[in-house]
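To start, the structure itself, in structure tokens.
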Amino acid sequence: MWHKWAFAVVVVLLLLLNWRFELLRKGFDSIVQPKNNDSANSVYRLFVTGLVVLVAVLGLALYLDAWKGSDDSLTLGTFGDFVGGVVNPVLTFLTFLGLLITIILQQRGLTEARAGGSESTFFEMLGLHNSIVHAMDVQRRNQEALHGRDCFRHFVKVMREAYEKSTKPTELERVIDGHEVLWEQFYGDLAHYYRYLYNVIRFIDENIDDKNKVRYIRILRAQLNDDEMVVLFYNGLTDRAKKFKVYIEAFSLFDNLPKERLFKLEHKDFYKPRAFEEAWS
């Protein structure tokens with residue numbers, strides 16, 4: 001009778017230890033997510049577990065005299081039945097566990113492969129975006145031509161002058177007027193620039209997992225100078241950029257935009273506060 005109580009006490013102690021220290025979880029994680037990707041170590045642990053179980057069952061069989069029949073005679077059939085009845089379910093469970101671990105590792109490998117492909121695509125898109133910027137040029141009468149990101153300094157100047165000349169009654173209408181003048185003069189360069197930048201951000205939103213989106217947005221933001229962000233700020237207020245504005249606010253695209261670069265500080269109220277502060281810390 002005491003054997004049953006001892007066994008029950010051992011089981012309860014093991015369950016309490018596992019609940020307190022999450023021993024089974026840590027052991028499982030060490031198998032499916034081994035340090036330094038050492039999968040051989042994980043297989044070795046499963047092998048050792050199976051071996052320990054086998055030795056333990058053999059030891060238990062010897063302790064309980066499982067090889068003896070009812071008349072204390074040597075009965076290998078009885079011994080075999082005992083060992084097989086205990087070992088086979090355990091080995092079957094370990095086999096099933098090994099199959100589950102294999103599936104988990106395969107899924108993890110596919111996820112990492114997709115993540116690597118998304119990262120590669122992102123940097124290719126970022127490179128193409130920079131190529132679009134570098135291809136820009138502004139020919140000014142009796143002045144030196146501007147190229148690349150220098151063009152945005154001129155774009156801001158054109159917008160500000162048009163904004164100051166606007167006679168519309170509200171600030172929002174005046175800044176939109178300013179951007180419309182810029183749009184009419186440089187539609188060819190700006191349409192391509194806006195459209196492609198929007199698709200880069202959309203790619204991040206749809207293909208990068210949530211925990212890494214901030215990192216990619218920071219990389220993208222680092223490519224934009226102050227003049228670019230001013231132009232993007234006022235473009236986001238137009239009807240054409242309604243979808244773009246959603247991303248601007250969701251990903252805090254103007255986190256690095258100096259407020260004094262706006263035509264008026266009150267213009268920041270045209271966006272939600274999160275447009276200027278990272279949505280995820």
Spacing of His129 atom NE2 and Leu126 atom CG [to the nearest 0.5 Å]: 7.0 Å

Given side chain to side chain contact (heavy atoms under 4.5 Å, CB included), test Leu197 with Gln223 step by step and report yes or no. CA-CA 11 Å; Leu197 184 60; Gln223 311 298 309; over 6 Å; no

Centroid separation under 6.0 Å, is that true for the rings of Phe254 and Phe233? yes

Any ion pair linking Asp205 and Arg202 (charged N to carboxylate O, less than 4.0 Å)? no

Atom NZ of residue position Lys259 - does it have more than 12 heavy atoms of other residues, nucleotides or ligands inside 6.0 Å? yes

Do Leu220 and Phe251 have side-chain heavy atoms sitting under 4.5 Å apart? no

Considering all heavy atoms of both residues, which atom of Met136 and which atom of Asp189 are nearest to each other, and what is their separation? CE-O, 3.6 Å

Output for pair (Asn199 CG, Met125 CE), nearest 0.5 Å, gives 6.0 Å

Count I, L, V, M, F, W, Y as connected when their side-chain heavy atoms are under 4.5 Å apart, and connections chain through other members. Are Leu232 and Val246 then in the same cluster? no

Distance col, row Arg221:CZ vs Asp255:CG, nearest 0.5 angstrom, shows 4.5 Å

Working to the nearest 0.5 Å, report the span between CG of Leu224 and CG of Leu257. 10.5 Å

Keeping the roles fixed (side chain from Glu161, backbone from Val158), state whether a donor-acceptor pair exists under 3.5 Å. no

Can you find a pair of side-chain heavy atoms, one from Arg195 and one from Arg240, that are under 4.5 Å apart? no

Which heavy atom of Ala241 sits nearest to which heavy atom of Asn235, and what is that distance? CB-O, 3.2 Å

Does this structure show an ion pair linking Arg261 with Asp227, if we count only N-O contacts that are shorter than 4.0 Å? yes

Name the orientation class of the two ring planes belonging to His267 and Phe263 (parallel below 30°, tilted from 30 to 60°, perpendicular beyond 60°). perpendicular

Working to the nearest 0.5 angstrom, can you tell me the gap between Tyr247 OH and Leu253 CG? 12.5 Å

Decide if atom CD of Glu144 counts as having more than 12 heavy atoms of other residues, nucleotides or ligands within a radius under 6.0 Å. no

Are the side chain of Arg174 and the backbone of Lys168 linked by a donor-acceptor contact shorter than 3.5 Å? no

Rounded to the nearest 0.5 Å, how far does NZ of Lys264 lie from CD of Glu171? 4.0 Å

Go through the steps to decide whether Asn130 and Arg149 satisfy the test side chain to side chain donor-acceptor pair (under 3.5 Å), and finish with yes or no. CA-CA 9 Å; Asn130 286 324; Arg149 285 190 160 81; 3.1 Å; yes

Note, Val231 side chain near Leu182 side chain (heavy atom, < 4.5 Å): yes

Could you tell me whether the side chain of Arg274 and the main chain of Glu249 form a donor-acceptor pair under 3.5 Å? yes

Taking the side chain as every heavy atom from C-beta outward, state whether Thr238 and Trp183 have any pair of such atoms under 4.5 Å apart. no

Are the side chain of Ser166 and the backbone of Ala162 linked by a donor-acceptor contact shorter than 3.5 Å? no

Is the closest side-chain heavy-atom distance between Lys165 and Val181 below 4.5 Å? no

So which of Tyr234, Phe186, Tyr193 actually passes ring-ring contact (aromatic ring centres under 6.0 Å, His included) with Phe152? Tyr193

Donor-acceptor contact present, side-chain Asn207 to main-chain Phe203, <3.5 Å: yes

Same hydrophobic cluster for Leu146 and Tyr187, using side-chain heavy-atom links shorter than 4.5 Å among ILVMFWY? yes

Treating Lys213 as the side-chain partner and Ile204 as the backbone partner, does any N or O pair qualify as donor plus acceptor under 3.5 Å? no

